[in-house]
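Take a look at the structure below.
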2 protein chains.
Amino acid sequence: MSTRMTISDIARLAGVSKATVSRVLNHKPDVDPVTRERILRIMEEHNFVPSVAASGLAAGKGHLIGVLVPALTWPLIPDIMRGIAEVVEETSYELVLYSIKTSNHERDRSDVINRILANRLIAGLLAIFPGQSARYLPALQRQGLPVVLLDDQGLPPEQLPWITADNRAGAYAATRHLLELGHRRIAHIQGPLKYQVSRERFQGYCDALQDYGIPLDPSLILQGDFMPPGGRACACQFFAMPERSRPTAIFAASDLTAYGVMGAAEEFGLRIPEDVSLVGFDDISSSGHMRPPLTTVRQPLTEMGRCALELLLSLLETPDRPGAARLCPSPLLARFAGSSQLQSQTAMTATIESAEPVRLRLATTLVVRATTAPPPCYARL
Amino acid sequence: MSTRMTISDIARLAGVSKATVSRVLNHKPDVDPVTRERILRIMEEHNFVPSVAASGLAAGKGHLIGVLVPALTWPLIPDIMRGIAEVVEETSYELVLYSIKTSNHERDRSDVINRILANRLIAGLLAIFPGQSARYLPALQRQGLPVVLLDDQGLPPEQLPWITADNRAGAYAATRHLLELGHRRIAHIQGPLKYQVSRERFQGYCDALQDYGIPLDPSLILQGDFMPPGGRACACQFFAMPERSRPTAIFAASDLTAYGVMGAAEEFGLRIPEDVSLVGFDDISSSGHMRPPLTTVRQPLTEMGRCALELLLSLLETPDRPGAARLCPSPLLARFAGSSQLQSQTAMTATIESAEPVRLRLATTLVVRATTAPPPCYARL
DNA sequence: CTGTTAGCGCGTTCAA
DNA sequence: TTGAACGCGCTAACAG
């Protein structure tokens with residue numbers, strides 16, 4: 001059935017030159033409508049698909065989008081990828097996956113970057129949680145390869161377009177929820193502070209405490225690593241404290257951290273939420289199935305993926321400003337306005353008014369499930 | 001730093017023709033060793049990476065590997081992808097992601113296939129859980145594109161190389177574990193029977209029961225959908241049965257199904273494992289963090305991904321037999337023998353001796369955690 | 001509006 | 001052992 005057709009074949013069949021076929025392929029306006037229809041029909045009949053490789057070669061930039069991901073097994077990634085996949089399916093682009101090796105070799109990372117750049121396969125790059133690799137990204141940008149950052153967890157690199165979740169507001173909401181339940185000794189297990197998101201979440205926690213007039217208690221703040229064992233270790237420290245000063249609630253910087261807390265609670269014979277309340281962050285898919293189901297802050301991961309790719313696509317369509325990657329307002333924001341109310345309004349307007357690289361901060365939402373309750377009575381006085 | 005270098009540049013710098021550079025790139029033996037060294041050095045200095053797009057175009061087939069995945073959010077996928085990514089990093093290939101749209105359009109699926117084939121971008125295809133799309137795969141194979149199936153869940157397509165887990169043995173082990181704990185009324189929540197894996201797991205369940213002289217009780221067998229709500233619904237049916245005939249243990253065809261069972265148990269006030277034992281299948285990462293941690297059957301997902309890609313690569317290197325994709329024993333099996341004892345020995349020998357397409361069945365392992373216990377005393381007589 | 005010409009960067013013939 | 005020429009399938013300048 002679908003044997004490989006070339007533009008030449010179509011051109012012969014339609015009785016026109018290859019250039020004309022190429023024109024309709026690229027949606028050039030200057031083609032006779034009836035001719036265009038005829039060509040389109042023939043292409044449909046023979047289900048012709050142009051060779052991405054060849055067109056990329058000729059045009060000097062491919063029709064592929066690179067996605068730089070850390071370990072695929074980090075639970076947030078699949079949901080983000082889903083959003084990305086959803087929008088790429090509606091385009092003629094394909095996705096090329098570059099996974100950063102988790103090994104220690106410093107060499108590796110720049111190698112990946114070299115591969116990305118040098119083989120000139122892709123037209124744009126989406127960097128998810130680039131971490132330390134973010135260092136190399138501005139160079140790519142400068143070489144003319146549009147780059148969009150998705151929730152960078154490293155130092156905020158200079159001037160790259162950037163999609164993230166509103167971590168601060170999410171953390172604030174989580175802490176406030178605990179506060180309004182009556183908790184006063186609320187602990188926080190941070191993520192590694194080298195990540196921007198960790199600092200933002202911590203900030204939200206601090207802000208909420210301050211707004212309720214509760215002084216920060218350094219003994220209630222520990223640094224985890226986003227993973228269950230780290231959460232468990234921190235929780236054990238909390239649970240070993242004397243009952244008068246022990247926290248009645250814990251806000252964990254990630255759901256996986258919260259899983260570790262649940263393990264520790266069981267070990268100490270503490271019930272959740274009767275003895276200690278718990279809030280996570282992320283709302284990864286398994287959190288709703290925990291016993292008890294975890295109260296957490298949901299990141300709009302799929303939406304973030306979608307936005308990031310749409311942003312990148314909009315950058316690809318305005319290649320006239322090579323150095324500074326700015327948002328072409330119409331196509332992207334039109335979609336945004338129509339399809340979703342997730343992004344915070346402030347970010348929207350900031351985006352439009354500013355000539356700076358785009359920085360979108362999507363809203364997070366508190367998902368109240370069953371790991372939070374008022375503090376136990378012995379702690380309520 | 002790393003500006004884009006072409007073969008011509010290198011050729012000029014080295015004072016040779018492009019053809020020679022091309023030769024050393026492709027590891028042709030007929031190059032003067034000293035010249036080769038010089039060229040290699042120059043390429044290193046300027047960290048030259050050949051254009052995948054161009055070489056693919058010229059050679060008629062790209063240096064890209066397509067991966068056909070269903071929803072990335074299906075929890076097994078990321079672990080599989082991890083294995084794939086690990087081996088692709090050691091090669092010069094890149095990964096192209098084709099995600100099958102979950103929409104209902106029958107058209108979509110063949111569209112994806114068309115895209116894959118027609119744009120002639122990739123050299124080989126890895127199809128993960130192809131499901132209904134498996135129908136189109138043999139056609140690709142016939143057109144000269146090597147295809148490897150990873151744990152197809154559809155009808156077993158004719159003659160494609162195939163990697164899977166030993167579902168039957170895993171299910172057998174799970175059921176036997178329950179049996180040896182003393183359970184006699186063991187229910188099974190199947191996956192959709194249209195999937196091969198569901199039937200295999202059911203078969204393992206049946207085999208174990210038979211070996212222990214327990215007749216199959218149709219009222220203890222329900223069909224789920226691999227997802228939590230399906231599992232919950234089935235479990236509710238079980239739990240609503242009169243106590244005398246109610247199952248004392250449930251073997252769920254997937255971990256997610258088991259999560260649903262845990263929810264139902266809570267709803268019915270049944271404790272796990274005291275009142276009812278539970279075994280899942282898959283060992284997805286969150287299962288170890290459930291309360292109580294879930295006893296389940298582990299699929300060697302990462303290993304499966306790794307094997308699948310290695311198999312595909314070995315097929316790529318023997319393009320001389322276009323129609324029949326057979327295993328080139330040396331490179332692949334050598335790795336297998338060295339790096340892992342996961343694959344079952346029988347499959348190994350079968351592979352070597354047979355001229356049929358490769359079918360590798362990797363061993364599963366029972367992971368005993370905390371959701372299984374002897375049946376409650378009132379059911380023990 | 002359309003056809004013609006020239007490459008994009010590389011592999012692969014051929015001769016030399 | 002090496003070099004020159006051609007072509008992969010397509011886009012991008014030009015002309016007409």
Side-chain angles (χ1 to χ4, degrees), chain A residues 3-40 43 46 48-64 92-94 115 117-123 144 316 319-320, chain B residues 3-39 43 46 48-64 92 94 115 117-123 144 319:
Chain A
T3 51
R4 44 184 168 139
M5 283 273 141
T6 73
I7 277 203
S8 315
D9 297 327
I10 303 294
R12 197 178 319 115
L13 262 53
V16 295
S17 74
K18 308 171 212 168
T20 308
V21 179
S22 174
R23 276 187 263 267
V24 345
L25 232 63
N26 295 10
H27 307 99
K28 306 276 185 187
D30 50 351
V31 170
D32 179 67
V34 23
T35 310
R36 162 189 302 262
E37 274 315 308
R38 186 159 41 91
I39 294 178
L40 246 27
M43 297 198 323
H46 299 259
F48 163 79
V49 181
S51 157
V52 177
S55 73
L57 217 216
K61 55 162 196 168
H63 252 56
L64 299 182
S92 63
Y93 288 89
E94 308 289 356
R115 263 165 86 148
L117 179 65
N119 62 17
R120 310 228 116 239
L121 201 56
I122 64 175
L316 294 183
D320 19 16
Chain B
T3 51
R4 44 182 167 141
M5 282 274 141
T6 74
I7 276 201
S8 315
D9 298 328
I10 303 295
R12 196 177 321 114
L13 263 54
V16 295
S17 74
K18 308 170 208 168
T20 307
V21 178
S22 173
R23 276 188 262 268
V24 345
L25 232 62
N26 295 9
H27 307 99
K28 306 276 187 188
D30 50 350
V31 169
D32 178 68
V34 22
T35 310
R36 160 188 305 262
E37 273 318 307
R38 187 159 39 91
I39 295 178
M43 297 198 321
H46 300 258
F48 163 80
V49 182
S51 156
V52 177
S55 73
L57 181 52
K61 56 162 196 170
H63 252 56
L64 300 182
S92 63
E94 306 290 357
R115 262 166 87 148
L117 181 64
N119 63 16
R120 310 228 120 240
L121 200 57
I122 65 175

Minimal heavy-atom distance between A:Thr6 and A:Phe48, with the atoms involved, is C-CE1, 3.7 Å
Where is the tightest heavy-atom contact between A:Ala123 and A:Leu316, given as atom of each residue plus distance? O-CD2, 3.1 Å
Test of understanding: with side-chain hydrogen bond (donor to acceptor under 3.5 Å, both in side chains), list the residues that count as partners of A:Asn26, not counting sequence neighbours. none
Under the rule for side-chain hydrogen bond (donor to acceptor under 3.5 Å, both in side chains), what residues qualify as partners of B:Thr35, not counting sequence neighbours? B:Asp32
Which is the 5'-most and which the 3'-most nucleotide of DNA chain D that has an atom under 4.0 Å from a heavy atom of chain B? D:dT1 to D:dG9
If you measure from the P atom in C:dT5 to the same atom in D:dC6, how many Å do you get, rounded? 16 Å
Report which part of the nucleic acid B:Ile7 touches: base, sugar-phosphate, or nothing (heavy-atom distance under 4.0 Å, all strands). sugar-phosphate
Which pairs, with at least one residue in residues 8-29 of chain B and sequence neighbours excluded, count as a salt bridge (Lys or Arg N to Asp or Glu O under 4.0 Å)? B:Asp9-B:Arg12
By side-chain hydrogen bond (donor to acceptor under 3.5 Å, both in side chains), which residues pair with A:Ser55, not counting sequence neighbours? none
When we call it a touch if two heavy atoms are under 4.0 Å apart, what does B:Ser22 touch: a base, just sugar-phosphate, or nothing? base
Output a table of nitrogen or oxygen pairs between the protein and nucleotides 3-7 of chain C separated by less than 3.5 Å.
| residue | atom | partner | partner atom | Å |
| --- | --- | --- | --- | --- |
| C:dG3 | OP2 | A:Ser17 | N | 3.1 |
| C:dG3 | OP2 | A:Ser17 | OG | 3.2 |
| C:dG3 | OP2 | A:Thr20 | OG1 | 2.8 |
| C:dG3 | N7 | A:Arg23 | NH2 | 2.8 |
| C:dG3 | O6 | A:Arg23 | NH1 | 3.4 |
| C:dG3 | O6 | A:Arg23 | NH2 | 3.4 |

Starting at CZ of A:Arg38 and ending at P of C:dC1, how long is that distance when rounded to a whole Å? 15 Å
Measure from CG on B:Asp30 to P on C:dA16 and round the result to the nearest Å. 19 Å
Any base atoms under 4.0 Å from B:Val21, or only sugar-phosphate, or nothing? Heavy atoms, all strands. nothing
Side chain of A:Asp32 only, please: which of C:dT2, C:dC10, C:dT12 is the nearest? C:dT2
With sequence neighbours left out, the residues meeting side-chain contact (heavy atoms from CB on, under 4.5 Å) with A:Ala14 are A:Val16, A:Arg38, A:Ile39, A:Ile42
Using the side-chain contact (heavy atoms from CB on, under 4.5 Å) criterion, which residues pair with A:Ser92? Sequence neighbours excluded. A:His63
Both A:Leu25 and B:Pro29 contact DNA chain D. Taking the nearest nucleotide for each, which residue is further toward the 5' end? B:Pro29
Results of side-chain contact (heavy atoms from CB on, under 4.5 Å) for B:Ala59 - residues two or more places apart only: none
Can you name the closest pair of heavy atoms from A:Ser51 and A:Ala54 and give their distance? OG-N, 3.0 Å
Taken in chain and number order and not counting sequence neighbours, the residues that satisfy side-chain contact (heavy atoms from CB on, under 4.5 Å) with B:Leu64 are A:Leu64, A:Leu121, B:Val52, B:Glu94, B:Val96, B:Leu121, B:Ile122
DNA chain D base-pair string [pairs: Watson-Crick or G-U under 3.5 Å; |: paired with another strand]: |||||||||||.||||
Measure CG/B:Leu57 against C1'/C:dG11 and give the value in whole Å, please. 10 Å
